[in-house]
Q: 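This structure is in structure tokens; I'll ask about it shortly.
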Amino acid sequence: MWVPNAWIPLSLLCVASFISITALSQDPQLGSVRVVFQTNYGDIEFGFFPTVAPITVDHIFKLVRLGCFNSNHFFRVDKGFVAQVADVVGGRLAPMNEEQRKEAEKTVVGEFSDVKHVKGVLSMGRFEDPNSAQSSFSMLLGDAPHLDGQYAIFGRITRGDDTLKKFEQLPTRREGIFVMPTERITILSSYYYDTEMESCEKERSVLKRRLAASAVEIEKQRMKCFP
């Protein structure tokens, strides 16, 4: 309800504006899982945005767990724009088993969001059909606001900038709208881990060492008091 002649302190307006801008500029929360692509030019690590694109994240992560990206490649490297992973069905060197092919041939609903296409994010490739994404995706090498709202963002690079810079230094050729490296950039293998589990393992290791040290100290005291 509007109240005439209501006065709002300027300081409160400034605070409210700051909070609003900050909220809009914050990155989505990364999940705890990390995936590593080991390429012939170095490693690239990335994480997922499960609250932004849960269906896409589940699909890509399952492809990783099945080993579908192994022997695949980056078919596109457009400096300052994108490095794009090929669709695994046609991009792998190794043949696919039935389970891999079944998952790889699935299409994913277009989970478009308000998350911006800025350097470092992962964005699904697709055809004209907004629900045609399968396994090809791009790693943004620069900001691309013209893609906002049209492609599903599902994660972000966490390590591997040096590797991507090596990609950008490779010679390329143009085929239609695509800028493609003249040398094959192969994903030799991939693996994943959970950062929370890694932390738990570290804490458990420290606790085990402390318990062992305590046991030694107790034994020393026992021998001293009860020889």
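Side-chain atoms are counted along with the backbone in the values below, which use heavy atoms only and exclude waters and symmetry mates.
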Q: How about V85 and F74: do any of their side-chain heavy atoms sit closer than 4.5 Å?
A: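 Yes - at least one pair of side-chain heavy atoms lies under 4.5 Å apart.
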
Q: For the backbone of A86 and the side chain of N72, can you confirm whether one donor and one acceptor N or O come within less than 3.5 Å of each other?
A: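 Pair found, side chain donor or acceptor close to backbone of A86.
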
Q: Anything under 30° is parallel, anything over 60° is perpendicular, the rest tilted; go ahead and classify F137 against F37.
A: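 Rings of F137 and F37: tilted, as their planes differ by 30° to 60°.
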
Q: Side-chain contact test, heavy atoms from C-beta onward, threshold under 4.5 Å: evaluate it for R156 versus P28 and give yes or no.
A: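 They are not in contact (no side-chain heavy atoms under 4.5 Å apart), so the answer is no.
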
Q: Hey, does V89 have a side-chain heavy atom less than 4.5 Å from the side chain of Q134?
A: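 No, too far: nothing below the 4.5 Å cut-off.
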
Q: Is R34 close to R159 at the side-chain level, that is, under 4.5 Å between some pair of heavy atoms?
A: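 When only atoms from C-beta onward are counted, R34 and R159 do not touch, as no gap falls below 4.5 Å.
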
Q: Okay, side chain of R65, backbone of G67: is any donor-acceptor separation there less than 3.5 Å?
A: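 A pair under 3.5 Å: no.
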
Q: Salt-bridge test for R101 and E98: reply yes if a basic N is under 4.0 Å from a carboxylate O, no otherwise.
A: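 Not counted as a salt bridge, because no side-chain N and carboxylate O are separated by less than 4.0 Å.
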
Q: So, Q84 side chain and S136 main chain: donor-acceptor pair closer than 3.5 Å or not?
A: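 A pair under 3.5 Å: no.
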
Q: Please table the atom pairs, donor to acceptor, closer than 3.5 Å between any side-chain atom in residues 172-179 and protein atoms at least two apart or in another chain.
A:
from : atom 1 : to   : atom 2 : distance (Å)
R173 : NE     : E175 : OE2    : 2.9
R173 : NH1    : P181 : O      : 3.3
R173 : NH2    : E175 : OE2    : 3.2

Q: Can a donor-acceptor pair be found, under 3.5 Å and without considering hydrogens, that links the side chain of T182 to the backbone of P171?
A: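 Yes, the answer is positive, given that a donor and an acceptor are paired below the 3.5 Å cut-off.
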
Q: Quick check: is I157 connected to L141 through a chain of hydrophobic side chains (ILVMFWY, heavy atoms under 4.5 Å apart)?
A: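 Yes, L141 connects to I157 through the hydrophobic network.
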
Q: Treat each ILVMFWY residue as a node, draw an edge where side-chain heavy atoms are under 4.5 Å apart, and state whether V108 and V57 are in one component.
A: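 Result: no, two separate clusters.
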
Q: In terms of side-chain heavy atoms, does S189 have a donor or acceptor partner in N70 at a distance below 3.5 Å?
A: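 Absent: no donor and acceptor within the cut-off.
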
Q: When hydrophobic residues are tied together by side-chain contacts of less than 4.5 Å, even through go-betweens, does I44 share a cluster with L63?
A: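 Yes; tracing contacts between hydrophobic side chains, which count when under 4.5 Å, links both residues.
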
Q: Answer whether the closest heavy-atom distance between the side chains of L122 and I60 falls below 4.5 Å.
A: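 Side-chain contact under 4.5 Å: no.
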
Q: Do any side-chain atoms of residues 142-153 form donor-acceptor pairs under 3.5 angstrom with protein atoms, and if so which ones, sequence neighbours left out?
A:
from : atom 1 : to   : atom 2 : distance (Å)
D143 : OD1    : K119 : N      : 2.9
D148 : OD1    : H117 : N      : 2.7
D148 : OD1    : H117 : ND1    : 3.1
Q150 : NE2    : H146 : O      : 2.7

Q: When you measure from the side chain of T56 to the backbone of F154, do you find a donor-acceptor pair of N or O atoms at a distance under 3.5 Å?
A: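 No; judged by distance alone, with no hydrogens or angles, the pair does not exist.
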
Q: Short question: side chain of E111, backbone of V52 - any donor-acceptor pair under 3.5 Å?
A: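 Checking the backbone N and O of V52 against the side chain of E111, no donor-acceptor pair under 3.5 Å is found.
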
Q: Heavy-atom count around E105 CD within 6.0 Å, excluding the residue itself: above 12?
A: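 Yes, enclosed.
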
Q: Under 4.5 Å between side-chain heavy atoms, hopping through other hydrophobics if needed: is there a path connecting F61 to M139?
A: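 Per the 4.5 Å side-chain linkage, F61 and M139 are co-clustered.
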
Q: Can you tell me if S132 uses its side chain to pair, donor with acceptor, with the backbone of F127 under 3.5 Å?
A: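 Yes, because the side chain of S132 sits within donor-acceptor range (under 3.5 Å) of the backbone of F127.
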
Q: Give the cluster check for V35 versus M124: same hydrophobic cluster or not, with ILVMFWY residues linked at side-chain heavy-atom distances below 4.5 Å.
A: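 Yes, it is one cluster - the side chains of V35 and M124 are joined through contacts under 4.5 Å.
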
Q: Quick check against the 3.5 Å criterion: does R92 have a side-chain atom that pairs as donor or acceptor with the backbone of A94?
A: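 Judged by distance alone, yes, a pair lies under 3.5 Å.
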
Q: Which distance, rounded to the nearest 0.5 Å, do you find between the CD of E103 and the OG of S135?
A: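 These two atoms lie 10.0 Å from each other.
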
Q: Between the main-chain N or O of S32 and the side-chain N or O of T195, is there a donor-acceptor pair closer than 3.5 Å?
A: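 Yes.
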
Q: Counting neighbours of NZ on K106 that are heavy atoms of other residues, nucleotides or ligands and sit closer than 6.0 Å, is the number greater than 12?
A: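 Above 12, so yes.
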
Q: Just how far is it from atom NZ of K166 to atom CG of N40, taken to the nearest 0.5 Å?
A: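 So the NZ of K166 and the CG of N40 are separated by 10.0 Å.
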
Q: Would you sort out whether Y41 and L170 count as a side-chain contact (heavy atoms from CB on, under 4.5 Å), showing the intermediate values?
A: CA-CA 10 Å; Y41 289 94; L170 294 173; 3.5 Å; yes

Q: Heavy-atom count check: over 12 atoms from other residues, nucleotides or ligands less than 6.0 Å from D129 CG?
A: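 Yes.
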
Q: Is F49 close to L30 at the side-chain level, that is, under 4.5 Å between some pair of heavy atoms?
A: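 Sidechains of F49 and L30: in contact.
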
